[in-house]
Amino acid sequence: MKKLTNELLEELVTECRPYSRDGSVVKDIPGQGAIDQNKLGVCIIDMDNEVFSAGDTDVKFTLQSASKIVSLMMALDDFGKDEVFQNVGMEPMGDFYNSISHLESHDVTKPFNPMVNAGAIAVAAMIKGKDLEDKFSRVLKRLRQITNNNSIKMNEEVYESEKLKGDRNRSLAYFMKSTGAIAHDIDETLDLYFRINSIDVHTTDLAKLGAFFANGGRSLKTGEQIIPMEHINTIEAIMMTSGMYNEAGKYAVEVGFPIKSGVSGCIIGSVPGRCGIGIIGPAINQKGNSTAGGALLQRISSNLELNIFSVIRNG
């Protein structure tokens, strides 16, 4: 096992940057098209709150689907596991993340899991608040608390674009309304979903969130139990089985710890009891995952021996 250093991460970033040629940048996210697809950055924060980083960590990006773990965290804290999973399943799904057909062609009345768009919309409907503004304010406040970064905010331009181009998500929401999977106001639920997707972050923020999960829902700074550990365990299990869409099985084998991606090219990783990882590599493949970021994640896991199955077996 190699020692975690900035120099090691720089070496791995240099090795993996060429993999960006195997993907492309999503052009319809405002500002995303102008980003060099060869950008690649990583930040790792360990349980001593020590920060290691390399590459293009100055790149700002929106959470996109990585926000799904934040929404799930809020819903679990508001209602608990039993009630949340009455409305959304826990099972992996082989279709694309924005699939509509799975809602209709299987003997189910709810989305497969919270990591696909339909599931995340159903989860957003369960976040408490007296109105839309209050709900989003609670999400933002919690994210700022966990990352210790009060400058985190929503990207207005991306949010407006999400609303403008969100017809597929609207169709998912209205279909679920028709089956009873969502009982709340559809427009408000979708607006909240779009807002959470559009939160701007850096790799450091992702690494802090991953480290918070790795620490069992306790603040690395104060030790305060902010989210019950049982909810963190639930989220990490679903990240492991469904966080990388229909490449989740590949990453479970080759990386071996909970991760979640977003089409902005970001990946958040959480290695229980070890560290949190934030990666940005804007070039993604057809399955919605960063090509260079995925390669980098595999090398980090191998070099630092982070695969949780190996750790268990090797003591």
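A donor atom on one side chain and an acceptor atom on the other are not found under 3.5 Å apart for Asn197 and Gln64. Between the side chains of Glu236 and Ser270, at least one donor-acceptor pair of N or O atoms lies under 3.5 Å. Using modelled atom types and a 3.5 Å distance limit, the side chains of Thr62 and Asn155 yield no donor-acceptor pair. Side-chain contact check for Lys68 and Ser65: at least one donor-acceptor pair (N or O, by modelled atom type) lies under 3.5 Å. Looking only at atom types and distance, the side chain of Asn38 has a donor-acceptor partner in the side chain of Ser20 under 3.5 Å away.
With a 4.5 Å cut-off on side-chain heavy atoms, Lys250 and Val255 do not count as touching. Within the 4.5 Å cutoff, no side-chain heavy atoms of Ser198 are placed close to those of Leu63. Side-chain atoms of Ile280 and Pro282, non-hydrogen and from C-beta on, do get closer than 4.5 Å to each other. Using a 4.5 Å heavy-atom cutoff, the side chains of Asp131 and Lys135 are not in contact. Between Ile267 and Met244, some side-chain heavy-atom pair lies under the 4.5 Å cut-off.
Judged purely by atom type and a 3.5 angstrom limit, Lys260 uses its side chain to pair as donor or acceptor with the backbone of Gly243. One N or O on the side chain of Gln225 and one on the backbone of Gly216 form a donor-acceptor pair closer than 3.5 Å. Looking only at distances, a side-chain donor or acceptor of Arg170 sits under 3.5 Å from a matching main-chain atom of Lys163. When atom types are taken as modelled, the side chain of Glu254 and the backbone of Gln298 share no donor-acceptor pair closer than 3.5 angstrom. Listed for the Asn215 side chain is no donor-acceptor partner under 3.5 Å among the backbone atoms of Ala211. The main-chain N or O of Phe309 is found under 3.5 Å from a side-chain atom of Asn307 such that the two form a donor-acceptor pair.
Note that CE of Met126 and CD of Glu83 are 8.0 Å apart. Values are rounded to the nearest 0.5 Å. Of the inter-residue distances, the one linking Ile235 atom CD1 with Ser71 atom OG reads 10.0 Å to the nearest 0.5 angstrom. A distance of 11.0 Å separates CD1 in Ile259 from CD1 in Ile69, rounded to the nearest 0.5 Å.
Shown here are the salt bridge (charged side-chain N to carboxylate O under 4.0 Å, His left out) partners of Lys2, two or more places apart in sequence or in another chain: there are none. Every residue two or more places apart in sequence or in another chain that forms a salt bridge (charged side-chain N to carboxylate O under 4.0 Å, His left out) with Asp77 is listed here: Arg142.
Taking 4.0 Å as the cut-off between side-chain N and carboxylate O, Glu156 and Arg195 do not count as a salt-bridged pair. The pair Asp78-Arg138 meets the salt-bridge criterion, since a charged nitrogen lies less than 4.0 angstrom from a carboxylate oxygen. With respect to Glu230 and Lys81, no salt bridge is recorded, no charged nitrogen being found less than 4.0 Å from a carboxylate O.
Looking at every heavy atom in both residues, Ile199 comes nearest to Leu143 through CG2-CD2, 4.0 Å. Between Thr5 and Phe52 the shortest heavy-atom distance is CA-CD2, 4.0 Å.
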Go through the steps to decide whether Tyr159 and Asp191 satisfy the test side chain to side chain donor-acceptor pair (under 3.5 Å), and finish with yes or no. CA-CA 9 Å; Tyr159 162 64; Asp191 203 304; 2.7 Å; yes

Side chain to side chain donor-acceptor pair (under 3.5 Å) assessment of Glu162 paired with Asn169: CA-CA 10 Å; Glu162 292 263 340; Asn169 286 318; 5.2 Å; no

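Cluster partners of Val51, using a side-chain heavy-atom cutoff of under 4.5 Å among ILVMFWY residues and allowing indirect links, are Ile45, Met47, Leu220.
Residue Phe136 qualifies as enclosed at atom CZ: its count of foreign heavy atoms under 6.0 Å is above 12.
A continuous path of ILVMFWY side-chain contacts below 4.5 Å connects Ile227 to Val123, so both sit in one hydrophobic cluster. Cluster membership check: Ile277 shares its hydrophobic cluster with Ile308, using side-chain heavy-atom separations under 4.5 Å among Ile, Leu, Val, Met, Phe, Trp and Tyr.
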